[in-house]
Amino acid sequence: MDEVWILGGTGRTGRAVASALAGSGAEPVLVGRDPDRLRAAAAEGGHRTLALPDVRAMAGAVAREHPAIVLSTVGPFTTSAPRLVDACLAAGSDYVDVANDLAAVPAVLARHAEAERAGRTLVTGAGFGVAATESVVVRLCDGSRRAVHVRTDMLPSMASDGGLVGEALAGTVLEGLPGVPGGGRFTGRRYRHGRLSAAPIGGEVRELVTPGGDRVRAGLMPLGELVAAQRASGAPSVDCASGAAPSAAARTALRLGSGLLHVGPLRRFATRRLAAVRLPARPAPRSHSWGHATVTWEDGTRSEGWLRLPDAQVATVAFAAEVCRRLARGEGRPGAFTPAALFGPDLATSVGGEFVDPDGADDPGQSSEVRPRPTER
Ligand SMILES: NC(=O)c1ccc[n+]([C@@H]2O[C@H](COP(=O)([O-])OP(=O)(O)OC[C@H]3O[C@@H](n4cnc5c(N)ncnc54)[C@H](OP(=O)(O)O)[C@@H]3O)[C@@H](O)[C@H]2O)c1
């Protein structure tokens with residue numbers, strides 16, 4: 001049976017993906033740093049475990065043992081992905097990650113030609129972030145018309161179990177923008193004239209009314225789905241927003257603190273402090289998460305689409321597991337991709353997502369063309 005090595009196998013995402021893969025024909029192997037935590041994580045499903053001290057050692061083991069698929073949940077992906085992709089291409093393994101930052105996602109996509117030569121598949125962004133909005137854009141942009149502008153809105157709704165933020169997430173938050181062209185380390189990004197340019201983080205807030213009737217505010221965020229939406233649409237102008245964008249007060253604090261975060265040791269200190277923050281346990285704020293996109297065509301008309309998904313963390317696990325299952329069935333192709341670019345919008349429906357048209361009637365077929373909604377400003 002094909003082995004799927006789950007790196008970060010003791011974490012929230014890794015453990016849940018291992019359970020989701022049980023009985024699927026792909027054999028999960030939990031890979032982590034701490035033997036005790038690994039044993040505890042593996043106990044329920046009886047999974048094989050592999051204790052290795054760090055990402056370097058994990059990459060070495062991949063190169064030696066060439067598992068069929070490596071799923072990485074170890075952030076920051078800006079540092080873990082380059083090493084793991086090297087190992088996978090050398091070993092003949094497919095690579096999947098759940099990155100969603102604007103530095104890591106394009107860095108994996110940039111390895112397309114190498115992956116083609118090696119005959120392997122690399123999938124980056126196989127989580128709610130990237131897949132939720134990318135699926136809507138891929139569905140709307142079928143190549144029959146030229147898109148001139150796209151705005152995506154990722155509206156996660158997620159319960160918190162009250163755990164720690166953790167090193168992987170803290171590192172991803174603070175390391176997600178270095179080296180991205182078009183702006184500074186702590187400024188946002190958008191596409192204008194086909195190029196990345198600066199944008200205000202948390203700016204250009206819109207209040208959206210979901211097809212479920214919830215009012216949600218979303219502001220610009222420089223995330224991996226920005227690049228996925230640009231590639232899927234070919235639009236020269238793309239904005240990417242999130243319902244989890246920082247508030248005005250947090251943006252002010254970010255502006256004041258960003259000077260300090262430029263200093264490496266202070267940033268590492270801030271990462272350790274953020275990792276140790278315990279999130280309050282709370283229920284999901286809404287019954288669904290949503291991916292939303294509005295595409296403006298060259299004749300000035302617009303199309304809008306929604307994708308309804310469950311709790312965003314549940315959706316992340318479902319997307320990552322489904323991508324691994326499909327790769328294990330040999331459904332990948334050589335190259336580097338985001339998930340819906342590789343598998344189409346059908347990936348979202350196969351994980352329980354439902355495309356919903358703007359008038360509220362479920363419409364799994366063609367997208368509907370709409371006038372601007374009065375709630376969008
Ligand atoms: N795309 C999306 O929508 C999406 C959704 C959810 C999460 N994510 C990303 O996925 C990552 C994991 O999230 P999570 O909630 O599962 O985090 P988590 O519960 O903290 O789990 C992280 C895992 O990574 C391991 N790890 C952390 N730092 C490591 C390092 N330097 N070397 C080796 N292993 C390391 C941890 O191992 P130990 O037990 O040894 O600490 C743990 O197993 C985060 O970066 C997050 O941003 C993306």
Side-chain angles (χ1 to χ4, degrees), residues 1-11 13-14 17-18 21 24-33 47-101 103-127 130-131 168 171-172 224 227-228 316 319-339 341-343 347:
M1 198 183 297
D2 278 348
E3 283 192 347
V4 181
W5 283 21
I6 301 177
L7 278 45
T10 57
T13 309
V17 172
L21 286 178
S24 72
E27 178 68 31
V29 175
L30 300 187
V31 184
R33 296 181 290 188
H47 308 299
R48 183 162 92 82
T49 62
L50 204 51
L52 295 159
D54 52 28
V55 170
R56 183 190 295 268
M58 292 173 188
V62 167
R64 282 191 307 278
E65 296 193 33
H66 41 86
I69 299 160
V70 171
L71 166 65
S72 172
T73 71
V74 178
F77 299 94
T78 42
T79 48
S80 64
R83 189 164 272 155
L84 293 170
V85 167
D86 283 348
C88 285
L89 295 181
S93 306
D94 289 337
Y95 168 87
V96 182
D97 71 34
V98 292
N100 187 27
D101 59 88
V105 168
V108 172
L109 295 174
R111 312 217 35 194
H112 183 75
E114 274 177 86
E116 277 189 322
R117 281 195 297 278
R120 296 322 325 159
T121 309
L122 313 176
V123 182
T124 183
V130 177
T172 300
V227 76
T316 289
F319 274 118
E322 179 63 11
V323 167
C324 291
R325 271 187 225 108
R326 289 181 181 215
L327 293 179
R329 292 199 299 262
E331 295 172 17
R333 61 178 192 275
F337 308 91
T338 44
L342 178 59
F343 292 121
L347 180 73

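As a basis for the values below, the full set of heavy atoms in this structure was taken, side chains included, without hydrogen atoms, waters or symmetry mates.
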Heavy atoms only: give me the nearest [X]-[Y] pair and the separation to one decimal.
| X | Y | value |
| --- | --- | --- |
| Ala126 | Val96 | CB-CG1, 3.7 Å |
| Ala328 | Ile69 | N-CD1, 3.5 Å |
| Ser72 | Ser80 | OG-OG, 4.2 Å |
| Ala91 | Ala63 | CB-CA, 4.0 Å |
| Val4 | Cys324 | CG1-SG, 3.9 Å |
| Val130 | Pro339 | CG1-CD, 4.0 Å |

ask   = Got a sec, which pairs hit side-chain hydrogen bond (donor to acceptor under 3.5 Å, both in side chains) with one end in residues 55-67, sequence neighbours left out?
value =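 Checked against side-chain hydrogen bond (donor to acceptor under 3.5 Å, both in side chains) - neighbours excluded - no pair reaches residues 55-67.
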In Å, rounded to the nearest 0.5 Å, how long is the span from [atom1] of [X] to [atom2] of [Y]?
| X | Y | atom1 | atom2 | result |
| --- | --- | --- | --- | --- |
| Thr338 | Leu122 | OG1 | CG | 12.0 Å |
| Glu114 | Cys88 | CD | SG | 12.0 Å |
| Asp94 | Thr121 | CG | OG1 | 4.0 Å |
| Met58 | Leu84 | CE | CG | 8.5 Å |
| Ile6 | Thr73 | CD1 | OG1 | 8.0 Å |

With sequence neighbours excluded, residues passing side chain to side chain contact (heavy atoms under 4.5 Å, CB included) with [X]:
| X | answer |
| --- | --- |
| Ala321 | Val17, Ala20, Leu21, Arg325 |
| Arg333 | Phe337, Leu342 |
| Ala57 | Leu52, Pro53, Asp54 |

query = Is Thr79 close to Val55 at the side-chain level, that is, under 4.5 Å between some pair of heavy atoms?
reply = no
inquiry  = For a 4.5 angstrom cut-off between non-hydrogen side-chain atoms, does Phe77 reach Val105?
reply    =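 Phe77 does not reach Val105 side chain to side chain.
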message = With side-chain contact (heavy atoms from CB on, under 4.5 Å) as the criterion, how do Tyr95 and Arg120 come out once you've worked through the C-alpha distance, each side chain's angles and the decisive distance to 0.1 Å?
response = CA-CA 8 Å; Tyr95 168 87; Arg120 296 322 325 159; over 6 Å; no
For the backbone of [Y] and the side chain of [X], can you confirm whether one donor and one acceptor N or O come within less than 3.5 Å of each other?
| X | Y | result |
| --- | --- | --- |
| Ser93 | Ala68 | no |
| His112 | Ala336 | yes |
| Asp97 | Leu71 | no |

inquiry  = Run the side chain to side chain donor-acceptor pair (under 3.5 Å) test against Asp86 and tell me which residues pass, sequence neighbours left out.
reply    =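 Arg111.
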query = Got a sec, which residues hit salt bridge (charged side-chain N to carboxylate O under 4.0 Å, His left out) with Glu116, two or more places apart in sequence or on another chain?
reply =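 So Glu116 forms no salt bridge (charged side-chain N to carboxylate O under 4.0 Å, His left out) with any residue.
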